[in-house]
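In each ligand, atom 1 is the first atom listed, and ligand 1 is the first ligand listed. As a basis for the values below, the full set of heavy atoms in this structure was taken, side chains included, without hydrogen atoms, waters or symmetry mates. Only a predicted model underlies this, so the values are computations on that prediction, with no experimental measurement involved.
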Amino acid sequence: MDLFDAIRGRRSCRSFLPDPVKEADLEKILEAGTWAPSPLNAQSWEFIVITNQGLREKIFSEADRCRQWAIEKSGWKWLSRYQVDFLKAVPVLIAVIGDPTKSGVDTFQEEGGVAYQHACAAAVQNMQLAAYALGYSTLWFTLFDKNAMRTVLGVPQNKVPLVLLCLGKPSGEIPQTARKDFKEKTTFLR
Ligand SMILES: Cc1cc2nc3c(=O)[nH]c(=O)nc-3n(C[C@H](O)[C@H](O)[C@H](O)COP(=O)(O)O)c2cc1C
């Protein structure tokens, strides 16, 4: 698939078929993640692949608890209509775990130590595009408490669960999203 078609065609999916992800495809997707840039090539990520039904139920419970908390905290009405049941149905979840010690020179900046998150984000985007090119859909999911997710996944205190990447075949049409023209978002200093 042409890279620009993948960039334009990928959309966030929140409804998945139970069809499994082929092992060879999963490996390609994970490898695509590892080709992301990172500070000093520190490769600030680790991936946990979750297919276990019991674990997916626990992840759902934590996300739903976090959703309830966010409804109260934000007062956002739409959050009551947003359901996270797809976490129980999605065939694969890839947890992206960041290592704050792998932030390169950013560690010494005033607001520093966050570059590991940027690297993990780049890995997530690579995996999303690779998955799409292989005929799958994804969702970059973050509605969870990091400490609670540490406990669910058995992640040590010195590492941070940043993203749960949902991966599978979409069930039905995925709603399209729009973007502002890049010119509205760009300043040229020529
Ligand atoms: C940092 C980040 C966090 C996100 N967290 C969530 C999330 O918790 N739940 C969700 O449904 N979508 C989440 N998304 C997906 C966005 O809602 C989605 O990318 C955006 O609405 C644009 O839609 P599109 O990806 O289909 O173009 C997240 C995306 C990013 C980049």
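Side chain to side chain, R65 and Q68 fail the donor-acceptor criterion of an N or O pair below 3.5 Å. There is no side-chain donor-acceptor pair under 3.5 Å between N126 and Q128.
Taking 4.0 Å as the cut-off, F144 does not count as a neighbour of ligand 1 on heavy-atom distance. Using 4.0 Å as the threshold, Q176 has no heavy atom nearer than that to any atom of ligand 1.
Close contacts between ligand 1 and R14 involve ligand atoms 10 (C), 11 (O), 12 (N), 15 (C), 16 (C), 17 (O) [criterion: under 4.0 Å to a heavy atom].
With hydrogens left out, the protein atom closest to atom 5 (N) of ligand 1 is T142 OG1, 2.8 Å, a heavy atom. In terms of protein heavy atoms, atom 26 (O) of ligand 1 is closest to S12 N, 2.7 Å. Among protein heavy atoms, the minimum distance from atom 10 (C) of ligand 1 is reached at Y82 OH, 3.2 Å. At the shortest separation from atom 28 (C) of ligand 1 among protein heavy atoms lies W140 O, 3.2 Å.
Of the heavy atoms in R179, only side-chain atoms (C-beta onward) come closer than 4.0 Å to ligand 1. Counting heavy atoms under 4.0 Å from ligand 1, residue V163 does not touch it at all. Contacts between T177 and ligand 1, counted as non-hydrogen atom pairs separated by less than 4.0 Å, involve the side chain only.
The aromatic rings of F47 and W45 lie parallel to each other, their planes meeting at an angle below 30°, with 60° marking the opposite boundary. Between F141 and F86, the two ring planes are perpendicular [angle over 60°; tilted spans 30° to 60°].
Annotation: K28, atom NZ; neighbour count of heavy atoms from other residues, nucleotides and ligands within 6.0 Å does not exceed 12.
Figure legend: cation-pi geometry between K169 and Y136, with NZ or CZ positioned under 6.0 Å from the six-membered ring centre and within 45° of its axis.
The shortest N/O to N/O separation between L143 and ligand 1 falls below 3.5 Å.
Without hydrogens or angle criteria, S38 side chain to A119 main chain gives no donor-acceptor distance under 3.5 Å. Side-chain N or O atoms of T138 include none that pairs as donor or acceptor with a backbone N or O of L167 at under 3.5 Å.
For atom 18 (C) of ligand 1, the nearest protein heavy atom lies under 4.0 Å away.
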